[in-house]
Every structure is written in structure tokens, then in C-alpha cells.
Amino acid sequence: MDWPPLRAELRGVEPYGAPQLDVPVQLNVNENPYPPSEAVVADVATAVAEVTRTLNRYPDRELVALRAALADYLGHGVTPDQVWAANGSNEVMLQILQAFGGPGRTAVSFAPTYSMYPEYARDAMTGWVVGHREEDFTLDLGHARAVIEEHQPSVVLLPSPNNPTGTALPPEAVETLCAAAPGVVVVDEAYGEFRRAGTPSALELLPAHRNLVVSRTMSKAFALAGARLGYLAAAPEICDALRVVRLPYHLSAVTQAVALTALRHAAELLGRVDDLRAERDACVTWLREQALEVADSDANFVLFGRFDARHAVWQGLLERGVLIRETGPDGWLRVSIGTPEEMAAFRTALAEVLGLPGPAHPRTQDHPHEMQRTT
Ligand SMILES: *Cc1c(COP(=O)(O)O)cnc(C)c1O
């Protein structure tokens with residue numbers, strides 16, 4: 001037997017690895033660039049000290065207080081028995097695949113889509129089928145319905161806003177796919193709080209669709225990626241089913257205390273979301289002014305291109321102290337939205353790498369060098 005005795009489909013597979021490099025400007029994993037305030041730090045420290053007194057005991061495995069606080073935060077009439085939480089929405093999603101996927105079953109998404117979905121499917125020994133998106137990264141509903149009708153998936157995974165493209169799904173699309181799908185339809189709203197005005201949340205559709213699951217996280221808008229807290233809203237029977245596959249006491253007392261404290265400071269932790277949305281829209285405008293292709297974004301990142309040699313562009317930025325993400329379809333790159341200073345550093349570095357006139361100077365020529373660009 002090969003050693004270690006890894007499952008055949010895991011042999012030679014690289015673990016998830018967005019590079020964690022120590023560079024001055026980190027715009028690669030869609031984090032909120034603003035750390036918690038000293039007031040939040042002090043309250044979290046107090047809450048952790050308090051819970052430490054009872055760390056000899058197992059935590060509340062039903063997360064009662066936390067589910068109530070998350071239901072309150074979500075609004076839309078969501079009740080605590082419609083909420084479930086785990087260590088990041090990555091764990092929530094894995095639990096969904098463990099409960100509703102499995103051998104002989106299929107999960108479906110539409111590319112480009114979140115790179116982790118096929119890994120959850122693989123880990124839960126679930127078949128993986130991926131349809132496609134249109135040129136502008138919107139969903140072709142006719143195609144999506146056809147894929148669902150053909151493969152009868154027990155799980156459909158729809159990031160909205162989509163990662164890595166930033167594209168949000170209109171509610172009609174969610175309704176159509178909920179009606180077409182025989183199993184659960186997960187609308188992954190990891191970036192939901194960054195939606196542009198007028199883009200509704202799928203939470204509004206929960207009462208009408210018993211198979212709809214809306215997934216959220218505290219890792220992005222909430223500025224709490226390090227705490228690892230993801231959650232979902234769905235019908236109570238879906239939450240109950242997930243309790244069957246979760247590990248005993250999966251969510252530590254410390255995590256529950258940190259998340260509860262953070263939720264009490266929601267207004268403050270989310271206080272920079274509007275700044276980040278404005279910075280995102282400015283970034284889209286600037287990139288388009290440089291004659292680059294840019295996907296519309298409802299998230300805190302922007303997908304732009306296209307480059308014949310995107311790795312060289314990525315590398316050039318890195319050499320200038322700016323780390324972005326080499327992801328998405330061939331020729332595209334993704335930049336997370338940082339502080340105004342970080343975005344200025346990004347623009348300067350990109351202008352240098354592409355030989356553009358540069359953000360700080362007026363354009364002096366009509367035909368900037370189009371070194372890396374495809375037409
Ligand atoms: C970042 C992200 C998540 C969140 O992951 P966590 O485990 O909650 O940190 C979920 N879905 C998508 C599409 C993401 O980009």
C-alpha cells in the first residue's frame with residue numbers, strides 16, 4: 001500500500017494555499033483591512049476572560065445564545081431555530097455536503113465559482129458538476145436549469161456576490177433555481193454586506209422556499225476573519241439535519257463568546273463597509289480608465305484583466321510590495337479592497353508594471369504601452 005495510505009483522489013493534491021506572504025500591502029484574501037477598535041478589543045478580552053473561568057466544561061453545543069444573536073442581526077423575521085453556525089462558513093458548507101451530499105449524489109455550481117466548493121464535494125465523497133457562466137459572469141438561467149434538470153443535484157452552490165467575479169444574483173434567478181432544484185440551494189452571501197444599493201439579499205426569499213439556504217460569515221464585512229465564525233439561515237429542519245453531522249461541541253466556548261461580543265459591536269465593526277464600497281467603486285472606475293476589463297462588483301474585491309501573462313503582472317506587483325490574487329479565469333487577476341493608502345499603492349504599482357501613465361500624473365499620451373494586455 002502507498003504510504004501514507006491516502007485516498008486515491010487525494011494523492012498529489014496541494015492543500016488550499018493562497019500565499020501568506022509578509023508584504024506591506026496585502027490585498028489577496030478579501031479581508032476587511034480595518035482592525036477592531038480598542039473598545040472592541042477590550043470587550044472581547046473581558047468576554048474571553050469570563051468564559052475562561054468555565055473552560056473545564058464543554059461549550060453549549062446547540063449555540064443557543066449565539067443563534068439568537070445571529071437571528072437578530074439577520075432580521076428578515078429569521079428565528080434562532082433557522083440559524084446554524086460553525087468555524088467559518090467553510091465548515092458550514094462542509095457540513096451541508098456531509099449531510100445532503102455523499103456517495104451517489106451530486107453537487108452543482110457554475111464557473112467561475114468559489115475554488116473551495118469542489119474540495120468540499122470531494123471531501124464529502126459527492127459528485128461534482130460545474131456548469132458555466134456568461135461572458136459577463138452572470139448566470140444563464142436556461143443553462144443553469146438544464147444542468148440541474150440533467151444532474152438532479154442534492155446541493156446547488158451559488159455564491160452571491162460570486163467569488164472571484166463579484167457578480168450578485170438577482171432574486172428571480174434564486175427563485176427559479178430553488179424551484180428547479182430537487183435538493184438544497186445554497187446562496188453563499190459571504191460578501192452580502194458589500195452589495196451595491198438596490199441588490200437584495202436572498203434572505204427575503206427564505207419564507208417562500210423551504211430548500212433555500214443563505215450562508216453568511218463574520219470573516220469579511222465583519223472584520224473578524226481570525227475568529228472563524230460562519231453561519232446560515234434556512235428552514236429549521238435543515239438546521240436540525242446539520243446537527244447530525246457536526247462534531248460534538250464543534251464551536252468552542254471562546255469562539256462563541258468572541259462572536260457574541262462582536263455582534264454587540266456590529267454597528268462599529270461594519271462601520272467601514274460604506275467606505276470600502278466607495279473605494280471599490282473608485283477602483284472599478286480607475287481600472288476601466290486604464291482601458292482594462294473589469295467585472296461589475298458587489299463585493300469587496302474586483303476582478304480585472306485581461307493579461308497575456310497574468311503571473312508576470314502579479315509578480316511585478318509583489319516585487320513592489322503589493323500582494324493580490326492570481327485567481328479566476330485565465331488572464332484575470334483579483335484585488336481585494338483595502339484602505340485608501342493601500343489602494344493608492346496598488347494603483348501606483350500596477351501603473352508601473354503595465355507602463356501606464358500612472359495615477360499621480362495626468363495622461364500625457366493617447367496610447368500607453370499595452371505590454372501585458374490582450375486585445
Ligand atoms: C471568504 C469566503 C467564504 C468565507 O469563508 P470563512 O470560512 O467564513 O472564512 C465563504 N464563501 C466564499 C465564496 C468566500 O469567498
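Salt-bridge formation is not detected for the pair Arg277/Glu193: no Lys NZ or Arg NE/NH1/NH2 atom is positioned less than 4.0 Å from an Asp or Glu carboxylate oxygen. Using a 4.0 Å cut-off between a side-chain N of Lys or Arg and a carboxylate O of Asp or Glu, Asp298 and Arg196 qualify as a salt bridge. The residues Asp43 and Arg264 are annotated as not salt-bridged, no charged nitrogen and carboxylate oxygen being separated by less than 4.0 angstrom. Between Glu9 and Arg122 there is no salt bridge, since no side-chain nitrogen of the basic residue lies less than 4.0 Å from a carboxylate oxygen of the acidic one. Taking a cutoff of 4.0 Å between a charged side-chain nitrogen and a carboxylate oxygen, Arg288 and Asp281 do not qualify as a salt bridge.
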Would Tyr231 and Arg216 count as a side-chain hydrogen bond (donor to acceptor under 3.5 Å, both in side chains) if you check the C-alpha gap in whole Å, the side-chain angles of each, and the deciding distance to 0.1 Å? CA-CA 5 Å; Tyr231 56 102; Arg216 292 279 186 102; 4.7 Å; no
Check the pair Arg246 / Glu62 against salt bridge (Lys or Arg N to Asp or Glu O under 4.0 Å), numbers first and verdict last. CA-CA 10 Å; Arg246 61 101 193 278; Glu62 306 304 342; 3.4 Å; yes
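Using cut-offs of 30° and 60° on the angle between ring planes, the pair Phe137 and Trp332 is perpendicular. Tyr73 and Phe222 have perpendicular rings, their planes meeting at more than 60° on a 0 to 90° scale where under 30° would count as parallel. Under the 30°/60° scheme for interplanar angles, the aromatic rings of Tyr114 and Tyr117 are found to stand perpendicular.
Val130 and Met125 fall into different hydrophobic clusters, where Ile, Leu, Val, Met, Phe, Trp and Tyr side chains are chained together by heavy-atom contacts under 4.5 Å. In the hydrophobic clustering of this structure, Met343 groups with Val23; members are Ile, Leu, Val, Met, Phe, Trp, Tyr whose side-chain heavy atoms approach within less than 4.5 Å, directly or through other members. Follow the hydrophobic side-chain contacts under 4.5 Å out from Val187 and you reach Leu139 in the same cluster.
Leu21 and Gln26 make their closest contact through O-NE2, 3.0 Å (heavy atoms, listed as atom of the first residue, atom of the second, distance). Across Leu169 and Ser160, no two heavy atoms sit closer than the pair N-OG, 2.8 Å. Closest heavy-atom contact between Val25 and Ala345: CG2-CB, 4.0 Å. Considering every non-hydrogen atom in both Leu317 and Leu350, the closest pair reads CD2-N, 3.5 Å.
Checked against a 6.0 Å centroid threshold, the rings of Phe301 and Tyr191 count as neighbours.
Side-chain N/O atoms of Arg334 and Asn163 include a donor and acceptor closer than 3.5 Å.
Side-chain atoms of Arg11 come within 3.5 Å of backbone N or O of Leu6 as a donor-acceptor pair.
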